[in-house]
Amino acid sequence: MKSLADRPVNPVVGVPVAHESAALHVTGTALYTDDLPIRNSDVLHAWPVQAPHAHARVTQLRTAPALSVPGVVRVLTGADVPGINDAGTKHDEPLFPSEVMYYGHAVCWVLAENPEAARLGAEAVEVDYEPLPSIVTLAEAIEKKSFQGDQPTVARGDAGSALASAAHRFSGEVEIGGQEHFYLETHASFVYVDESGQVFVHSSTQHPTETQEIVAHVLGLTSSQVTVQCLRMGGAFGGKEMQPHGFAAVAALGATLTGRPVRLRLNRTQDITLTGKRHPFAATWEAGFDDSGRLVALRATLTSDGGWSLDLSQPVLARALCHIDNAYWIPNIEVLGRIAKTNKTSQTAFRGFGGPQGMFVIEEVMGRCAPLLGLEPSELRRRNFYIPGQSTPYGQPVRHAERLHAVWEQLLGNADVERRRTEIAEFNATHRHTRRALGITPVKFGISFNLTAFNQAGALVHVYKDGSVLINHGGTEMGQGLHTKMRQVAATALGVPLACIRLAPTRTDKVPNTSATAASSGADLNGAAIRNACDQIRDRLAEVAARKLNIHPDDVRFDDGTVTGIGFSDDGIPFAELVNDAYFQRVSLWAAGYYRTSGLHWDASRMQGEPFKYFTYAAAVSEVEVDGFTGAYRLVRTDIVHDVGDSLSPLIDVGQIEGGFVQGAGWLTLEDLRWDISEGQRRGRLDTQSASTYKLPSFSEMPEDFRVHLFERATESGVIYGSKAVGEPPLMLALSVREALRQAAAAFGPEGRSVELASPATPEAVYWALDRARTAAREAAKPAGMHAPVPSPVRAQ
Amino acid sequence: MDATQITVNGKVRPCEGISPHLRLLDWLRAEGLTGAKEGCAEGECGACAVLVARPDGDGRTRWTSVNACLPPALAFDGQEVVTAEGLGSAAGPRTAEDLHPVQREMADRGGSQCGYCTPGFVCSMAAEYYRPERDATGSGERVETGTAVVGEEHASDHESGPNGFDLSSLSGNLCRCTGYRPIRDAAYALGAPAEDDPVLRRQDRPAPAARPTRAAAGGSRFIRPDSMEELLGLLEQNPDAQVLAGATDAGVEVNLRHSRPQMVLAVDRLDPLRVLTLGTDRMEIGTALTLSEVERGLAGRVPLLDQLFPQFASRLIRNSATLGGNLATGSPIGDTAPALLALDASVVLASAGGEREVPLAEYFTGYRQSVRRPGELLRAVHLPLPLAETTAFYKIAKRRFDDISSVAVAFALRLEDGVIASARIGMNGVAAMPLRALRTEDALTGRPWTEETAADAAAVMETEGTPIDDLRATARYRSAMLGQSVLRFYAQTTAAPALEVTR
């Protein structure tokens with residue numbers, strides 16, 4: 001029927017429903033990959049031997065001592081690999097390395113009857129290392145020119161001459177911290193060779209197809225001989241897009257060599273020390289503004305810390321460069337990106353995928369320059385918003401730019417910003433040791449994979465003779481509610497109640513050649529594929545119904561399990577009855593669905609094109625209260641207006657927005673990865689490798705008052721039932737918290753002063769920011785002639 | 001002796017022959033109860049939380065939430081445990097859905113996304129749901145955000161529901177998906193348990209008695225001694241034995257550092273270690289009472305400790321952790337030490353040869369070292385009375401709920417006519433062991449409690465200890481926080497009624 005965006009009457013999409021596994025979750029009966037081994041017998045457990053060097057050559061590997069540990073069955077080494085010894089797709093990630101590339105790199109794996117024996121076996125393996133010089137910080141990598149991959153530039157206009165002639169010109173540099181995914185479920189694989197001889201891989205993976213391909217190439221098998229299933233994940237956030245493959249391959253290698261099921265589950269320490277994280281970035285920038293506060297030019301260099309292998313660093317960097325504009329029109333721009341190669345875990349996808357780091361830079365520019373331009377930061381931001389007709393630096397028209405303005409206006413109204421500003425000013429005037437402030441920031445986020453080929457999806461829909469429906473699609477469930485939305489899409493498309501739709505776990509033998517469930521695109525792509533399959537079946541059923549009702553198939557309606565014709569509304573046919581009739585008329589009741597996003601193109605060499613199907617818009621106001629004694633703060637209230645198109649599932653979408661926001665706030669304020677950068681024995685070791693040293697947001701960091709509004713009447717044409725993606729964009733709304741903290745720290749000092757705030761903005765970082773502001777206020781209060789200059793790296797030039 | 005067994009969700013399950021180091025979590029999962037998950041293996045995330053039937057005075061039981069990832073299963077011999085699976089069930093092919101009220105609210109309000117942390121949240125929430133003191137019929141009115149307090153304003157109301165639900169009961173549970181708002185909404189939507197709720201009714205009867213467990217496997221022994229005499233005798237013969245109370249520290253050693261002591265002595269249910277007596281000139285607090293039990297038992301009598309408790313780890317940890325464990329571990333960042341130092345506490349060390357009392361200020365001797373001799377056990381903590389009336393506890397950490405101190409400072413002043421008659425200050429995080437800030441105490445004693453005195457004392461305080469840079473804070477910040485704590489203490493004690501919620 002009609003276009004992809006159109007909804008029938010009484011759609012099941014748009015209805016707030018609980019997560020499809022909610023009852024299983026709350027009763028502890030939802031199964032995850034590592035809940036399966038105990039339901040099997042004869043299982044072997046894998047344990048890694050992790051190298052205690054940031055960079056070293058493996059000169060000797062003696063596995064015999066491990067084999068004498070009771071319970072140890074086998075030690076897997078590079079010599080066991082029948083296919084390609086590589087855990088990635090770029091052939092720069094040996095699965096069993098002969099050169100240790102980061103502290104904790106796994107050089108071999110021990111299989112044993114129980115985890116304790118496997119651990120003791122791993123301790124018994126003797127490895128000789130020849131330590132090599134290592135690079136563990138971005139500064140070292142830049143100094144030694146240790147880079148990997150391409151060094152793309154996004155450019156438009158003439159940034160150099162526009163900067164030279166700008167009325168106001170500022171520059172600065174900033175370091176942006178990484179982030180550990182800390183999905184509650186660590187990486188897990190469980191592999192056996194099944195009764196038909198196929199290698200059956202249960203994996204906690206966002207990308208079953210790629211896990212399948214890598215298991216196959218490591219084992220020297222074809223993809224058809226390997227099946228990967230993902231029941232569900234206990235969180236992923238990008239951390240299971242590229243990283244699960246090697247672990248699945250180790251387990252698969254063990255299963256094929258021993259003939260026994262192999263369980264590989266990382267404990268938290270192993271997970272944090274073995275797997276990649278959000279890329280830390282270092283940025284330098286120069287910005288030029290005119291007298292009215294309009295950005296006329298930006299020149300910047302973004303250097304990401306890619307860790308030891310390329311992984312997804314190139315597309316992450318591309319997205320950072322494509323989001324440094326965020327919501328702002330920058331007529332002259334030149335941004336260079338490069339990827340440092342360091343002796344650290346291989347940094348990878350993480351919700352936002354470079355977008356957060358790109359936006360961080362421009363919001364830093366706004367937050368630091370506003371006081372120097374004499375403008376309220378949110379006013380500076382608004383003045384620079386895109387307007388309809390403008391294009392991004394990479395050449396994509398900013399469609400629906402007016403929505404950005406509408407979202408902003410609605411937000412300021414909802415959040416009662418004007419009144420609260422007055423209250424905050426009064427509060428700050430009457431409190432000696434405490435300051436409050438509002439931070440207000442926008443988000444414009446491009447939806448689609450930058451790499452055009454990934455923007456395709458498949459689905460499989462079965463209608464059984466009793467009218468029940470089983471759907472399967474290429475997307476994976478990691479808590480984001482994709483399966484919930486997909487059931488709603490199928491129920492809407494077939495016009496049956498939600499309860500009729502059962503969804504089976506993601507498997508590569510059901511839907512092949514899938515893309516990662518990533519880039520916020522899961523519902524857009526798989527929803528359209530399911531819709532396509534359902535439409536095929538429905539069109540066939542419409543013909544059966546039309547014959548029965550003696551009407552044209554176009555006039556058949558499917559609604560809530562009843563099939564009627566226009567003008568025959570009293571004479572409905574139960575869906576199950578129609579299906580049964582169709583079977584006896586030998587009409588096919590199942591279909592494979594397919595979807596490709598149209599209208600995309602991207603030239604990665606020139607960094608130009610239209611890589612995104614559309615932009616998602618949102619904005620947030622956050623209010624913080626900062627304690628002058630400690631720098632500790634509370635997030636008093638956050639208001640969000642978010643454009644999700646016409647929501648497929650409002651409860652799910654609000655959950656994504658709130659969860660993404662708090663995760664972003666964690667990245668920006670709390671989560672602090674610390675690596676040993678000394679020259680000592682532990683150089684390159686991650687010091688924060690546990691939940692007691694790496695702190696995630698808890699209840700004490702959530703906004704005490706949290707109000708999320710979905711932007712209304714927001715139908716997005718050309719997208720499944722008029723919806724928009726929601727997974728990643730809200731994460732970047734947390735920049736409002738960082739900017740609020742900056743302004744609260746500023747409120748301890750004199751006006752017109754640019755505040756430098758380290759990232760993450762921990763209480764200590766905020767303390768130093770406000771302490772500098774307080775010192776500046778004291779200096780300003782001294783009699784003339786006694787002023788000491790206040791150091792600040794933002795320089796007016 | 002009876003065979004070792006644990007009752008889980010009403011069903012008796014034998015646990016003969018298991019290792020003394022097999023954790024409750026792994027045992028439950030091996031039994032097929034895979035609802036409880038391992039998220040961190042160190043009691044930080046709560047994905048492993050379960051409910052245990054614990055004694056609650058007067059022949060009653062209290063369903064108590066604990067981390068299953070830390071204690072050995074054998075510590076629950078003869079005990080009753082309930083997991084998320086035992087509270088309710090999802091619809092199956094042949095069964096109808098039967099969710100517990102906590103599960104119902106969590107499911108309907110979007111309290112689960114990936115679902116991995118959810119069974120643990122459900123158990124922590126259920127413990128608070130059944131907490132006898134919770135008044136679900138209370139005022140029903142939410143206090144508006146921003147309670148007016150002289151000096152500062154703070155909203156603690158968002159941490160307390162209109163149904164009497166204390167949000168800090170979930171402080172040991174982490175969720176990476178939801179951002180917590182729907183979980184808070186679920187918690188605050190809970191009514192009172194039904195009168196005939198069998199889990200509620202179980203609280204009317206006594207908790208299972210502790211059993212004198214004796215077990216051995218793989219070269220390790222687990223013993224729950226029957227008496228102090230037996231315990232001290234065993235300790236004399238086996239000075240390297242692991243004394244186990246709540247296992248909140250020992251469990252981390254087992255899980256992360258793979259310690260496998262040959263003898264484990266469970267002491268957490270020995271009555272002589274569980275006393276709480278209030279005399280005229282001192283209080284005695286048993287070292288094997290959990291911190292939650294101490295908090296309830298003191299019932300606000302020691303305001304300084306009331307400031308400490310909510311900042312000590314999480315409810316899940318406080319339901320197992322003990323004063324004895326915190327002092328015996330002797331960590332330089334243990335949080336009870338600064339408070340007890342400020343309160344001039346002493347500790348009673350017991351051994352087969354008798355008892356001795358040592359001032360806490362003389363107890364610590366170095367990094368995780370103390371005057372405690374092999375074969376000695378911390379039996380009790382003594383607090384002299386009357387208490388100093390002007391006190392504060394400040395913990396500086398990255399996160400307010402469940403974090404480890406960068407620095408913690410406790411103050412106890414006696415003021416006479418506005419003059420400081422005595423000052424005791426305890427601090428952690430600034431040396432290899434908890435310390436008193438003796439020079440700052442000197443700078444305060446005998447002077448009027450004025451802004452000038454506070455500023456002078458703050459300057460001294462900044463130079464106390466020998467702080468270092470580490471992953472939690474820089475040395476410079478730690479020193480600054482010492483000085484700022486004096487200024488903050490002054491601002492709060494002089495701006496009555498100062499009730500600032502600290503972080």
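Below, chains carry the letters A, B, ... as their sequence lines are ordered, and counting in each starts from 1.
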Undergrad: Is B:Q113 reaching over with its side chain to a backbone N or O of A:G655, donor-acceptor style, under 3.5 angstrom?
TA: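 At least one qualifying donor-acceptor pair exists.
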Undergrad: Examine the side chains of A:Y767 and B:Q484 and answer whether a donor and an acceptor come within less than 3.5 Å of each other.
TA: yes
Undergrad: Salt bridge between A:R674 and B:D470, side-chain N to carboxylate O under 4.0 Å?
TA: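 Salt bridge: no.
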Undergrad: To check you understand the geometry: which heavy-atom pair defines the closest contact between B:C114 and A:H25, and what is its length?
TA: O-NE2, 3.4 Å
Undergrad: Checking heavy atoms, do the side chain of B:R104, its backbone, both or neither come under 4.5 Å from chain A?
TA: neither
Undergrad: Between B:E44 and A:K695, does at least one N-O distance fall below 4.0 Å, as a salt bridge requires?
TA: yes
Undergrad: Where does the angle between the aromatic ring planes of A:F699 and B:Y180 fall among parallel (under 30°), tilted (30 to 60°) and perpendicular (over 60°)?
TA: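 A:F699 and B:Y180: tilted rings.
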Undergrad: Can a side-chain donor-acceptor contact be found between B:E85 and A:T29 if the only test is distance below 3.5 angstrom?
TA: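 There is no such pair (donor and acceptor under 3.5 Å, judged by atom type) between the side chains of A:T29 and B:E85.
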Undergrad: Are B:K398 and A:E764 ion-paired here, with the side-chain N under 4.0 Å from a carboxylate O?
TA: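 Salt bridge between B:K398 and A:E764, a charged N being under 4.0 Å from a carboxylate O: no.
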Undergrad: I want to check something: taking the side chain as every heavy atom from C-beta on, are A:E116 and B:H258 in contact at a cut-off of under 4.5 Å?
TA: no
Undergrad: Between the main-chain N or O of B:Y116 and the side-chain N or O of A:Y32, is there a donor-acceptor pair closer than 3.5 Å?
TA: yes
Undergrad: Spell out, as yes or no, whether a donor-acceptor pair under 3.5 Å connects the side chain of B:R176 to the backbone of A:H181.
TA: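 Judged by distance alone, yes, a pair lies under 3.5 Å.
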Undergrad: Main chain of A:T630, side chain of B:Y477: is a donor-acceptor contact present, judged purely on distance under 3.5 Å?
TA: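 Yes; judged by distance alone, with no hydrogens or angles, the pair exists.
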